[in-house]
Enquirer: 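Dropping a structure here in structure tokens format, bear with me for questions.
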Amino acid sequence: MKTVQISLNSIDKVKSFVNEITKFDNDFDLVSGRYVIDAKSIMGIFSLDLSKPIDLNIHAEDDVAAILEALKPYIL
């Protein structure tokens with residue numbers, strides 16, 4: 001598992017983030033404080049405090065580099 005900090009501070013960023021992340025078959029969790037939600041759930045993302053950076057847990061072994069490349073615009 002790899003963890004990175006991301007920023008989703010606008011509605012357009014959230015939409016494009018979900019579109020990118022759903023291209024992968026792996027599991028992704030967003031962690032904000034004590035809340036953990038599925039990163040592929042657009043409704044779940046909007047339930048978080050998006051004004052602060054959010055931790056993204058990537059549950060992948062092999063294609064982590066491709067995932068990080070696709071998510072580069074959101075990573076802090």
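Note that these values count all heavy atoms, side chains included, but never hydrogens, waters or copies made by symmetry.
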Enquirer: Can you find a pair of side-chain heavy atoms, one from Phe28 and one from Asn26, that are under 4.5 Å apart?
Expert: yes
Enquirer: Could you pull out all residues at least two apart from Pro73 that satisfy side-chain contact (heavy atoms from CB on, under 4.5 Å)?
Expert: none
Enquirer: Grab the two heavy atoms, one from Ala66 and one from Phe24, that are nearest each other, plus how far apart they are.
Expert: O-CZ, 3.9 Å
Enquirer: Ignoring hydrogens, what is the shortest heavy-atom contact between Ser7 and Lys13? Give both atom names and the distance.
Expert: O-NZ, 3.6 Å
Enquirer: Who else is in the cluster with Val36 when I, L, V, M, F, W and Y are joined by side-chain contacts under 4.5 Å?
Expert: Val31
Enquirer: Would you say the side chain of Ile54 lies within less than 4.5 Å of the side chain of Gln5, judging by non-hydrogen atoms?
Expert: no
Enquirer: Can you name the residues that form a salt bridge (Lys or Arg N to Asp or Glu O under 4.0 Å) with Lys52, not counting sequence neighbours?
Expert: Asp49
Enquirer: Could you measure the distance from the OG atom of Ser47 to the CD1 atom of Ile42? Nearest 0.5 Å is fine.
Expert: 12.0 Å
Enquirer: Scan for side chain to side chain donor-acceptor pair (under 3.5 Å) pairs involving residues 28-45, sequence neighbours excluded, and state none if there are none.
Expert: Asp29-His59
Enquirer: According to the side chain to side chain donor-acceptor pair (under 3.5 Å) rule, which pairs have a member within residues 61-76, sequence neighbours left out?
Expert: Ser16-Tyr74, Glu69-Lys72
Enquirer: Quick one: which of Ile6, Leu8, Ile67 gives a side-chain contact (heavy atoms from CB on, under 4.5 Å) with Leu56?
Expert: Ile6
Enquirer: Holding to side-chain contact (heavy atoms from CB on, under 4.5 Å), I want the full list of residues that pass it with Leu68, two or more places apart in sequence or in another chain.
Expert: Lys2, Val4, Ile58, Val64, Ile75
Enquirer: Among all residues two or more places apart in sequence or in another chain, which pass the side-chain contact (heavy atoms from CB on, under 4.5 Å) test with Asp25?
Expert: none
Enquirer: Mind checking side-chain hydrogen bond (donor to acceptor under 3.5 Å, both in side chains) for Asn57 and listing every partner two or more places apart, or none if nothing turns up?
Expert: Thr3
Enquirer: Specify the closest pair of heavy atoms between Val18 and Ala39, including all atoms of both residues, with the distance to one decimal.
Expert: CG2-O, 4.1 Å
